[in-house]
Amino acid sequence: MATPQSDPSLSPLKTIAVVGLGTMGTGITEVLAKAGREVIGIDVSEAQAARSVAALETSTARAVARGRLTEQERADVLGRVRTGTDLSAAADADLVIEVVPESYDVKHQVLRELDRIVRPETILATGTNALSVTRLAADSARPERVLGLHFFNPAPAMKLVEVVSSVLTAPGAVAAVTDLAIELGKEPVAVGDRPGFVADGLLFGYLNQAAAMYEAKYASREDIDAAMRLGCGLPMGPLALLDLIGIDTARTVLEAMYAESRDRLHAPAPILKQLSEAGLTGRKSGRGFYTYEAAGSATVVRDALTPLDGAALTPGRTVRSVGVAGSGTMASGIAEVFAKAGYEVVLAARSEEKAQAAKARIGKSLDRSVGKGRMTADAAAQTLDLITPAGSYDAFADVDLAVEAVAEDLEVKRQLFATLDKVCKPGAVLATTTSSLPVVACARATSRPQDVIGMHFFNPAPAMKLVEVVRTVLTAEDVHATVREVCAKIRKHAVDCGDRAGFIVNALLFPYLNNAIKMVEEHYASLDDIDAAMKLGGGYPMGPFELLDVVGLDVSLAIEKVLHREFRDPGLAPAPLLEHLVAAGCLGRKTGRGFREYARR
């Protein structure tokens, strides 16, 4: 079926000039032409203009092959685009969108020239994602007609458009461009003028922290990227995304953000400068954090930093039976995971009744899997038979691996590990599922700290593929090898990290969530606009406020406090709004109210 075309008669912006025909400019041109606009593409390079036309011909031919356009519609789209190298071609445009390089000097020059060329009523839009729209507008002869129009790459596919007003922008210009964005099939979000706006303002702080984490050799690039993809459901890991965006571009955005915020989280990690100045700018140069098949290629190739497959130098210990301590959702989920993989599981709680209730919960989960055709009734019965409930941790006497999933309270965990130390046989591996507490504190509660390690599962454990494997400075090599082997057998993706607050996922996720709260506190954007921006512009499965309400605001605040206490960075201090909501008992979905209100069940 062909894509229906927008009716250009609905908008006064019928003829639109796009200045700068790189990847973004070409994408915007395609979006406009498909929506029935007359497009004037302008680039200083005649060769680049020709490449842009060729790219448009290729993408529209692909759309025809996929049944999204007819041959006639393709001909009409191409017929609405003309290109050139002279800015005077924009004289009759109703709107000019500039997407030239991120440089005040270059953009000022383009806007000054356009001032002399276009009609007084023409709107001038900058596609910047890093520079001040106000500063660009102030230098124009018509600042009330200058605004920001920030598309996301690739423009034909990405739905989000940020419409950026300065204090000088006329409301009529904002309304006209917002209407146009809707007619283009985009979802416009109105934002004020600050570096990064909403989506990039939140995204680039997170990317910067990931680069700093890698630079500190806390985790490998592969593990950082896998952790964020599998732990948060993101389409790409942060280091791969930096390579896609361009490390030089990311550095420019962060410099602009830091110049305004003076927040250390926005101060570009030194590795970004080193890679940029070495010309290792990511995919476009063929090498950045990763090495690519060729400049412009998306295919990653092995380099000196690529881990060897199955390169375990130390053999692990034998694990046949597993003890799971706890009776909550996480404990029952972990017990289900191990039983599905064929391990004998002892599920121990503080009472026989709690342990039986946890096993019953697993039975219901297995029944749901049978109902969805994911396993047979026989397989479900066999899995449940592998789980033995117990009302005392004495039942862990013969297990080879004990995994605790009790309350996230250090004193509770210390007492449990002291008990495990007494009841578990010599050589048993003792693991904590903590997401924010020091693993070494659990280890020191035992007489065998070398046998203690972190195994941070994610909720719901049966569905989530990631396990963060957390070694302390005391953890034995064969204990680490054992847990890696077990993760492979239970079909989880293990990532290695050290024993510091937040490990990989929470250390990168929660500062991002905290910064989103600060945006709302500052009345910069609404909850709905921020959530929409991150889902549509960043590919996040949930917006930050949706996620906060699901996780629980009390849980989020506790993790924020741990991160702030460990890293002593003022930018990590929990947002006051988060503290106020928790104090008021507004903890998210579980209480019926968090950042939003929910219907009581």
Side-chain angles (χ1 to χ4, degrees), residues 229-233 319-393 395-396 399-408 416 431-435 454-469 483 486-494 505 541-542 546-547 549-552 555 588-591 598 601:
R229 282 189 294 103
L230 299 173
C232 296
V319 175
R320 294 188 181 88
S321 60
V322 178
V324 178
S327 57
T329 304
M330 182 58 84
S332 56
I334 292 170
E336 179 180 335
V337 166
F338 278 108
K340 279 180 175 174
Y343 287 99
E344 293 179 3
V345 179
V346 178
L347 179 55
R350 285 174 295 176
S351 70
E352 182 75 29
E353 184 181 44
K354 284 181 178 292
Q356 290 286 1
K359 181 172 179 177
R361 187 184 302 120
I362 296 168
K364 288 179 181 176
S365 173
L366 295 171
D367 287 343
R368 285 194 295 272
S369 294
V370 172
K372 292 174 181 175
R374 292 175 183 162
M375 66 191 309
T376 65
D378 283 348
Q382 288 170 15
T383 298
L384 199 59
D385 284 345
L386 287 170
I387 300 171
T388 303
S392 164
Y393 298 126
F396 285 178
V399 301
D400 302 306
L401 166 64
V403 182
E404 71 77 14
V406 299
E408 192 73 347
L416 175 58
T432 171
T433 61
T434 182
S435 63
M455 281 185 81
H456 179 212
F457 287 80
F458 288 73
N459 202 19
M464 298 293 279
K465 292 292 185 188
L466 182 68
V467 174
E468 289 177 319
V469 177
V483 169
V486 166
C487 285
K489 287 177 184 173
I490 62 176
R491 303 180 73 178
K492 299 296 183 187
H493 186 108
V505 174
M542 300 178 82
E546 290 177 275
L547 183 56
D549 279 353
V550 168
V551 169
V555 174
R589 288 190 181 179
K590 60 189 173 186
T591 61
Y598 301 88
R601 291 186 179 180

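Residue numbers start at 1 and run along the sequence shown. For the numbers below, each heavy atom of this structure counts, side chains included, while hydrogens, waters and symmetry mates do not.
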Let me confirm one number: the CG-NE2 distance from L466 to H456, rounded to the nearest 0.5 Å. 8.5 Å
Within the 4.5 Å heavy-atom criterion, are V555 and K590 side-chain neighbours or not? yes
What closest approach, in Å, do S365 and E336 show between heavy atoms, and which atom pair accounts for it? OG-OE1, 2.8 Å
Least distance between heavy atoms, A395 atom then V346 atom: CB-CG1, 3.7 Å
Supply the atom-to-atom distance D549 CG to T591 OG1, rounded to the nearest 0.5 angstrom. 8.0 Å
Test side chain to side chain contact (heavy atoms under 4.5 Å, CB included), reference V319, set V483, V486, V399, output is V486
In terms of heavy-atom contacts, A335 and I387 come closest through O-CD1, 4.2 Å
Do you know which two heavy atoms are closest between M375 and T383, and how far apart they sit? CE-OG1, 3.8 Å
Minimum-distance pair of heavy atoms, taken over all atoms of P462 and K340: CB-NZ, 4.4 Å
Mark yes or no for whether R361, through its side chain, and G328, through its backbone, hold a donor-acceptor pair below 3.5 Å. yes
Nearest 0.5 Å, please: how far is CG in N459 from CE in M464? 8.5 Å
Is the side chain of T433 donor-acceptor paired with the backbone N or O of E404 at a distance under 3.5 Å, no angle test? yes
Quick one: pull up CZ in R589 and CD in E546 and give me the separation to the nearest 0.5 Å. 7.5 Å
Which pair of non-hydrogen atoms, one from Y393 and one from A325, has the smallest distance, and what is that distance? CE2-CB, 3.6 Å
Between OG on residue S321 and CZ on residue F396, distance to nearest 0.5 Å: 10.0 Å
pair Y343-I490: side-chain heavy atoms closer than 4.5 Å: yes
Main-chain N/O of E468 paired with K492 side-chain donor or acceptor, under 3.5 Å: no
Exactly one of E353, E352, K359 clears side-chain hydrogen bond (donor to acceptor under 3.5 Å, both in side chains) with Q356, and that residue is E352
CD1 of I362 to CG of D367, rounded to nearest 0.5 Å, is 12.0 Å
Do the non-hydrogen side-chain atoms of V505 and C232 ever get within less than 4.5 Å of each other? yes
Kindly indicate whether the side chain of E408, heavy atoms from C-beta on, has any atom under 4.5 Å from the side chain of T434. yes
